[in-house]
Amino acid sequence: MSQYNLRSRRPLKAEPGGLTPAGEVETSVGRGAGIEPSVETTSSSSTLLSVGDGQLFLVLLTVRLLNAAVVQTAHVPDEYWQSLEVAHNMVFGYGYLTWEWHAGLRGFTYPLVFAALYKILAVFRLDSVTLLVLLPRLLQGLFTALCDLQLYKVTRKLHGKGVAQWTLLCQLLSWFMFYCGPRTLTNSMETVLTTAALYYYPWPQEASTRVSSKQLVTYLSLAALSCLVRPTAAIMWIPLCILHLVTSQSKLHTFTLHFIPVGLGALAWSAVVDRIFYGKWVLVQYNFLEFNVLSNLGSFYGSHPWHWYLTQGFPVAMATQLLPFVFGAVKFWRKQKLVLLVILWTVMVYSCLGHKEFRFIMPVVPLAMISCGLWLHWLTPWLRFTTVVFLLVTNLPLALYTSLVHQRGTVDVMLYLSQEADRHGRDMSVLFLMPCHSTPFYSHVHHNISMRFLECPPDLERRPGYMDEADVFYQNPSAWLKNNYGPDVTLPTHLVMFNTLHLNVEDFIAEKQFSKCAEYFHTHIPLERRLGNYVEVYCQQQAT
């Protein structure tokens, strides 16, 4: 007896499920669909993506390279100071290493990617500031395109091509992935590696299919690499690996021949790479977890209530896609229980940590798109079209504004300083009177000139009443300048600050004969009181 489609009022044609050439089970989702592969409507069984994976990747690569070229703003300091600045130091011999690198909290595996790129540019004498800034972002755009492709493939494996195409569309429409994906953040690479590993992960739906050793080693290697790039990736992978081990038919074989070799190999790689660049043996994964989790010293940079990810972090990252996510999660929770549990587990564990940021939960955003794809696939063609248009008109303006306008001044000013360094050479020096790490540094100037910024390392000794240099400065800017730049101290040739600081230091500027030589728009909405709408540059009269 034929089923009846309430959406199109046409009878459904039953088609047997089968395996794709990649060994993926073709499934579908519709009203009345159960856990097993089911039939699709005639109107939805035809997919928009009739191209192969290789052709699809070229399309995604084009989209993400354009995406990377559009991103011209700053998000957080780590996109420069924990990747490009370190890589610049590794290749060119100068570049500021923040306190984390002196404390052994960071691994060199991720900066090594950009160091290799910088080295190639240096060998061929193509290391211009333009290429040093643009090419790493384009490279990360390539990685993001791989993330998109792997998300499509894992969804196709779990729910069929029909759901996969709408999941991919939701991923491409996400303002958050557009804004963060091409940035040189460890979170961006963690998201890429995690999504790729999930494609090779032995999902419960594959219980009846023999999983090859190559597939297991691939997923474990990618998962291990994500943990090397950012140790907190283990939050997601620990329960998934436990589930895999528990449900494995040969637990001892899986543990001894897959888990142990891959784990030891990853640790050996990390130890050797970090030994080369630190000059000593350092276990950065433990140091990172001990600082951020066990000691919770990360809260020095701000703490949030436990519910922040539930009430602000996740809703903001998803934006209007939160609606199809919730609808899809409620409607099809049986079909994606494990995915939803992984999202919930990851968000709740991160909620237990004091310091919270939007980018920390970036790896769960592609997973959340699967629920959105399930919902879109279930809708009638008209409702689906309306929903897609709604997602486009609500996400695209936000993506473009945050990528092109919001917080761009701190990036633009570095191009100006680089051009000034071309003119003045080593006679030039810069003092940044801004919150610490507000701008990129040597990776965006590419001149070994003297530059100083207000530092803000945490108090690892936990001294009572501790204040970092930035806090001391903002408590009394005039007094700090008087103490640090007295009559016998050589003045910098350039001052960089937000416009909101000018009134506090105008006496110093007048006394030392500085004049404004450049101004760059930064943001319409400063996110904290120490920031401003504009970035201003003041030059000594003889330096102009």
Quick one: do Arg530 and Glu528 satisfy salt bridge (charged side-chain N to carboxylate O under 4.0 Å, His left out)? Show the steps, please. CA-CA 6 Å; Arg530 293 179 179 179; Glu528 57 178 89; 5.3 Å; no

CZ (Phe521) with more than 12 external heavy atoms under 6.0 Å: yes

Using a 3.5 Å distance criterion without hydrogens, assess whether the side chain of Ser83 forms a donor-acceptor pair with backbone atoms of Thr184. yes

Take Met318 and Met369 through the side chain to side chain contact (heavy atoms under 4.5 Å, CB included) test and state the conclusion after the steps. CA-CA 9 Å; Met318 293 296 293; Met369 295 304 161; 4.1 Å; yes

CZ/Phe385: more than 12 non-hydrogen atoms of other groups inside 6.0 Å: no

When you measure from the centre of the six-membered ring of Tyr350, is the NZ or CZ of Lys356 closer than 6.0 Å and no more than 45° off the axis? no

For Gln285 and Ser270, does a side-chain donor sit closer than 3.5 Å to a side-chain acceptor? yes

Go through the steps to decide whether Lys153 and Asp148 satisfy the test salt bridge (charged side-chain N to carboxylate O under 4.0 Å, His left out), and finish with yes or no. CA-CA 9 Å; Lys153 291 169 66 175; Asp148 297 335; over 6 Å; no

Looking at Ile361, Val316, Thr402, Val365, which hits side-chain contact (heavy atoms from CB on, under 4.5 Å) with Phe176? Val365

Return the CG to CG distance between Leu310 and Leu344, rounded to the nearest 0.5 Å. 8.0 Å

Donor-acceptor check, side chain of Thr62 to backbone of Leu58, threshold 3.5 angstrom: yes or no? yes

Which label fits Phe314 and Phe325: parallel for a plane angle under 30°, tilted from 30 to 60°, or perpendicular past 60°? perpendicular

Kindly say whether Thr155 contributes a backbone atom to a donor-acceptor pair with the side chain of Thr167 at under 3.5 angstrom? no

State the OG1-CG distance between Thr194 and Leu367, to the nearest 0.5 angstrom. 8.5 Å

Does a donor on one side chain sit under 3.5 Å from an acceptor on the other, for Thr73 and Arg408? no

So Tyr179 and Phe358, ring-ring contact (aromatic ring centres under 6.0 Å, His included) or not? Walk me through it. CA-CA 12 Å; Tyr179 178 59; Phe358 296 105; 9.6 Å; no

Short side-chain to backbone donor-acceptor contact, Asn67 and Val63, under 3.5 Å: no

Exam field: side chain Gln55 to backbone Gly52, donor-acceptor pair closer than 3.5 Å: yes

Rounded distance [0.5 Å steps], NZ in Lys251 versus OG1 in Thr256: 13.0 Å

Taking the side chain as everything from C-beta on, heavy atoms only, tell me whether Leu379 gets closer than 4.5 Å to Thr386. no

Short side-chain to backbone donor-acceptor contact, Ser174 and Gln171, under 3.5 Å: no

Residue pair Ile525 / Asn533, side-chain heavy-atom distance below 4.5 Å: no

Evaluate whether atom CG of Leu527 has more than 12 neighbouring non-hydrogen atoms of other residues, nucleotides or ligands under 6.0 angstrom away. yes

Kindly state whether the ring of His159 and the ring of His377 have centres lying under 6.0 angstrom apart. no

Separation between CD1 (Ile370) and NZ (Lys335), nearest 0.5 Å, reads 12.5 Å

What is the distance from atom OG1 of Thr186 to atom CZ of Arg230, rounded to the nearest 0.5 Å? 4.0 Å

Checking His304 against Ser351 for the side chain to side chain contact (heavy atoms under 4.5 Å, CB included) test, could you report, in this order, the C-alpha distance in whole Å, the side-chain angles of both residues, the deciding distance, and whether it holds? CA-CA 9 Å; His304 303 78; Ser351 296; over 6 Å; no

Rounded to the nearest 0.5 Å, how far does CG of Leu172 lie from CG of Leu396? 12.0 Å

In sequence, state the C-alpha distance, the side-chain angles, and the governing distance for Arg106 and Asp78, and then conclude on salt bridge (charged side-chain N to carboxylate O under 4.0 Å, His left out). CA-CA 11 Å; Arg106 302 283 185 174; Asp78 280 8; 3.4 Å; yes

Among His406, Arg183, Glu357, which residue meets the side-chain contact (heavy atoms from CB on, under 4.5 Å) test with His75? Arg183

Mind running side chain to side chain contact (heavy atoms under 4.5 Å, CB included) on Arg64 and Met177 for me, showing each step along the way? CA-CA 10 Å; Arg64 288 306 184 185; Met177 290 302 300; 4.2 Å; yes

So do Cys372 and Cys170 have their SG atoms closer than 2.5 Å? no

Min side-chain heavy-atom separation Val388-Leu173 under 4.5 Å: yes

Steps toward side chain to side chain contact (heavy atoms under 4.5 Å, CB included) verdict (Leu341, Trp345): CA-CA 6 Å; Leu341 286 174; Trp345 161 264; 5.9 Å; no

Ser188 side-chain N/O to Cys180 backbone N/O, donor-acceptor pair under 3.5 Å: yes

Relative to the ring of Phe332, is the ring of Trp378 parallel (under 30°), tilted (30 to 60°) or perpendicular (over 60°)? perpendicular

Please determine, by modelled atom types, if Thr439 and Thr410 share a side-chain donor-acceptor pair under 3.5 angstrom. no

Donor + acceptor pair across side chains of Glu85, Trp81 (<3.5 Å): no

Keeping the roles fixed (side chain from Ser248, backbone from Leu245), state whether a donor-acceptor pair exists under 3.5 Å. no

Compute whether any side-chain donor of one residue and acceptor of the other, for Thr311 and His307, lie under 3.5 angstrom apart. yes

Tell me the closest heavy-atom pair linking Leu216 and Pro202, and the distance in Å. CD2-CG, 3.8 Å

Which is it for His355 and Phe360 under the ring-ring contact (aromatic ring centres under 6.0 Å, His included) test, yes or no, and what are the steps along the way? CA-CA 10 Å; His355 182 57; Phe360 290 172; 5.8 Å; yes

Parallel, tilted or perpendicular, judged at 30° and 60°: which one describes the rings of Tyr201 and His244? perpendicular

Any sub-3.5 Å donor-acceptor pair from Trp101's side-chain atoms to Val86's backbone N or O? no

Report yes or no: does Asn395 contribute a side-chain atom to a donor-acceptor pair with the main-chain N or O of Trp175 at less than 3.5 Å? yes

